[in-house]
Trainee: 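What follows is a structure written as structure tokens; I'll ask about it next.
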Amino acid sequence: MTKVGRSYKQSDVDESWDAIVIGSGLGGLASAALLANMGKRVLVLERHYVIGGFTHTFKRKGYEWDVGVHYVGEVHRERSVLGQLFNHITDSELKWEGMGEVYDRIIFGEHEYPFRTGVKQFKAGLREHFPDAADGRAIDEYVDAVFAASKAARSFYAEKALSGVTGFLAAPFMRRAYLAHTRKTTWEVLRGITDNTKLIGVLTGQYGDYGLPPKRSAFAMHASVAKHYFFGGNYPIGGSARFAETIAPKIEAGGGMLLTNAPVDEIVVEAGEAVGVKLDDGRVLRAGLVISNAGALNTYGRLLPAEARARVGFSAALDRIEPSASHLSLYIGLNKTAAELELPKANYWIYPDEYDHDLNVERFTKDESAPLPVTYISFPAAKDPDFERRHPGKSTIEIITLAPWERFARWEQQPWKKRGEDYEARKAALSERLLDQLYRFEPQTREAVAYHELSTPLSTKHFTAYQHGEIYGLSHDPGRFEAKFLRPRSPVDKLYLTGQDVVTAGIGAALFSGYLTVSAITGRNIVMEALAETGMA
Ligand SMILES: Cc1cc2nc3c(=O)[nH]c(=O)nc-3n(C[C@H](O)[C@H](O)[C@H](O)COP(=O)(O)OP(=O)(O)OC[C@H]3O[C@@H](n4cnc5c(N)ncnc54)[C@H](O)[C@@H]3O)c2cc1C
């Protein structure tokens, strides 16, 4: 792992920049690198001690874990826009490893349903479990609906880069087709296709990828995730730290800098224009442009000074969009390799016997002793062919489940690592429940577990500043897609947003947000320019 950036306190930092980016998530890094390509000196300020946002990795006791990257779709396909954009932003330095024939294993009680790579194989895999002709037709219809929604997404997101009269006139036409898919819940669309609730439970078995069960999520969001993985999953070779490692050199080559331990307290606004940022030590750094990758709620609700905030016309509408769910993540270190333990590449999605995800979530939200509504298990050491070179004799596993923020809020004021015995006891009990799920399916790992550590929504808040420890920024319910203000250009001149709240959660979406933001800033179609450079357009 190459160290990216340096600590603010140990750096000599110029007072004035072409652009300042708040936050070093993938959207922030991509925006900074694209501006650097255009000759701009860009300063990236990250509050955490590592660059990368949810793509950062961390180490304990010789083990290494990624945080927010378990698989990425599409990048391996020859004519994939996403693959080409990654080649463009990393100068083809980022390489991917495919996950093979099966990317997700959906498990209800004793029944397992594999999601196979390739649309034909995906359908055939499901038909083995749902052999009825009516179910077969429903699977076909479902796949068609997923493709139709994904196709309509293009102009919806392209509109976000437009502004002025053109944008105003084009918006209704560019948004309309997609809104037909965002305004229905996943449940409504699937229930319109089939009344087989088991099939619906299985088809929505990746709902954890966007954090909302079928009755609450927008179908468009479900469709974008499902389609993203239809052709298989991939993992960045060398781990998720490779995103920052391969993008940062572009920023630095343009005279830019990436600083850690550099929390921004406020966006400085003068005469209605963003002119820089104030750091938490009171120092003001100035820039011709400010780009916030800190999320819409943080940017508009916390970083803008009160006077500028009061002039933002959509504060009430923003307040109505919920933050996404929060989560627990158990980071496990094992003293044997992935090969020795025969760890799979495919992810597990483990559910109770009950196929109704909404009901499972509701039960667990009311009562922590109810069955875990979802347990996701990922095996980065098996996915990454470079893992063993970096960590000989070892492997790691991550287990994730949902966890209501309210359950942890009472420890919010206690400092990290010093939240007291009752907090630690709660964590220990939850860790055991998650480990039990692992041992149920991969019992050979029991003897090899040498270390584990649980992150809670408080950890997520501590490291990322998402105020409710949310996993995916704003919630992906139908209301979110109505919010036209979730776009790069803000009502404050020279202030732009980037990252998952501008598009949606996901590595692909976060990268795309960087291209969208720089398109909005320059008035150029940076996606098309990038594709032309890579020879695809
Ligand atoms: C557990 C988990 C698993 C995931 N798995 C996958 C997956 O397998 N595949 C996939 O495609 N996607 C996955 N995602 C989603 C994906 O990681 C995110 O959607 C994406 O990385 C978000 O990028 P972003 O650009 O919005 O920035 P973020 O990663 O959200 O980063 C924002 C950065 O801003 C910084 N910041 C905030 N406030 C300030 C401030 N005031 N001053 C300075 N810095 C600040 C934060 O510290 C943070 O580093 C996962 C996410 C999580 C949490």
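Counting starts at 1 for both ligands and their atoms, in listed order. For clarity, every value in this text was computed on a predicted model and none was experimentally measured. Note: hydrogens, waters and symmetry copies are ignored here, and every other heavy atom, side chains too, is used.
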Trainee: Could you tell me whether ligand 1 has any atom less than 4.0 Å away from a heavy atom of Tyr235?
Mentor: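 Distance cut 4.0 Å: Tyr235 fails for ligand 1.
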Trainee: Can you name the atoms of ligand 1, numbered from 1 with element, that are less than 4.0 Å from a heavy atom of Gly53?
Mentor: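 Matching atoms, with element in brackets: 29 (O), 31 (O), 48 (C), 49 (O).
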Trainee: Considering only protein heavy atoms, which is closest to atom 24 (P) of ligand 1, and at what distance to one decimal place?
Mentor: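 Ranked first by proximity to atom 24 (P) of ligand 1 is Asn293 ND2, 3.6 Å.
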Trainee: Is the shortest side-chain N to carboxylate O distance from Glu159 to Arg487 below 4.0 Å?
Mentor: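 Between Arg487 and Glu159 there is a salt bridge, with a charged N closer than 4.0 Å to a carboxylate O.
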Trainee: Return the residue, atom name and 0.1 Å-rounded distance of the protein heavy atom closest to atom 9 (N) of ligand 1.
Mentor: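 Scanning the protein heavy atoms, the shortest distance from atom 9 (N) of ligand 1 goes to Tyr71 O, 2.8 Å.
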Trainee: Checking Asp91 side chain against Glu93 main chain: does a donor-acceptor pair fall under 3.5 Å?
Mentor: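 Absent.
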Trainee: Determine whether the side chain, the backbone, both or neither of Pro263 has a heavy atom under 4.0 Å from any heavy atom of ligand 1.
Mentor: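 Backbone only.
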Trainee: Please work out whether any backbone atom (N, CA, C, O) or any side-chain heavy atom from C-beta onward of Val69 is under 4.0 Å from ligand 1, and answer side chain, backbone, both or neither.
Mentor: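 Val69 to ligand 1: backbone contact only, side chain stays beyond 4.0 Å.
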Trainee: Between Glu270 and Arg286, does any side-chain N to carboxylate O distance fall below 4.0 Å?
Mentor: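 Salt bridge: yes.
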Trainee: Tell me, please, whether Phe364 has Arg407 positioned over its six-membered ring: NZ or CZ under 6.0 Å from the ring centre and within 45 degrees of its axis?
Mentor: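 Pair Arg407/Phe364 counts as cation-pi.
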Trainee: Check whether any side-chain N or O of Asn293 sits under 3.5 Å from a backbone N or O of Gly28 as a donor-acceptor pair, and report yes or no.
Mentor: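 Such a contact is found between Asn293 side chain and Gly28 backbone.
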Trainee: So, Glu322 side chain and Ser475 main chain: donor-acceptor pair closer than 3.5 Å or not?
Mentor: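 No: the side chain of Glu322 does not pair with the backbone of Ser475.
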Trainee: For ligand 1, is any non-hydrogen atom under 4.0 Å from Val67's backbone (N, CA, C, O), its side chain (CB onward), both, or neither?
Mentor: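 Backbone only.
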Trainee: Considering the heavy atoms of Ile400, write down every atom of ligand 1 situated less than 4.0 Å from one of them.
Mentor: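 Reading through ligand 1 atom by atom, the close ones are 1 (C).
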Trainee: Would you kindly specify which portion of Leu45 sits under 4.0 Å from ligand 1, judged on non-hydrogen atoms: side chain, backbone, both or neither?
Mentor: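 Under 4.0 Å from ligand 1, Leu45 contributes backbone atoms alone.
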Trainee: Below 30° counts as parallel, above 60° as perpendicular, anything between as tilted: where do the rings of Tyr63 and Tyr451 land?
Mentor: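 Judged by the thresholds at 30° and 60°, the geometry between Tyr63 and Tyr451 is parallel.
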Trainee: Would you say the side chain of Asn347 lies within less than 4.5 Å of the side chain of Met99, judging by non-hydrogen atoms?
Mentor: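 Sidechains of Asn347 and Met99: in contact.
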Trainee: Which residue and atom name correspond to the protein heavy atom nearest atom 4 (C) of ligand 1, and how close is it?
Mentor: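 Nearest neighbour among protein heavy atoms for atom 4 (C) of ligand 1, to 0.1 Å: Gly68 O, 3.2 Å.
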Trainee: Which is closest to atom 30 (O) of ligand 1 in terms of heavy atoms, Tyr466, Tyr210, Tyr49?
Mentor: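 Going through Tyr466, Tyr210, Tyr49 one by one, Tyr466 has the nearest heavy atom to atom 30 (O) of ligand 1.
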Trainee: With a 4.0 Å heavy-atom cut-off (strictly under), which part of His56 contacts ligand 1: side chain, backbone, both or neither?
Mentor: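 It is neither part, as no heavy atom is under 4.0 Å.
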Trainee: Could you tell me whether a side-chain N or O of Thr57 sits under 3.5 Å from a main-chain N or O of Asp66, the two making a donor and an acceptor?
Mentor: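 No, because the side chain of Thr57 does not come within donor-acceptor range (under 3.5 Å) of the backbone of Asp66.
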Trainee: I need the nearest protein heavy-atom contact for atom 45 (C) of ligand 1: residue, atom name and distance, please.
Mentor: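 Result: Arg47 CD, 3.5 Å.
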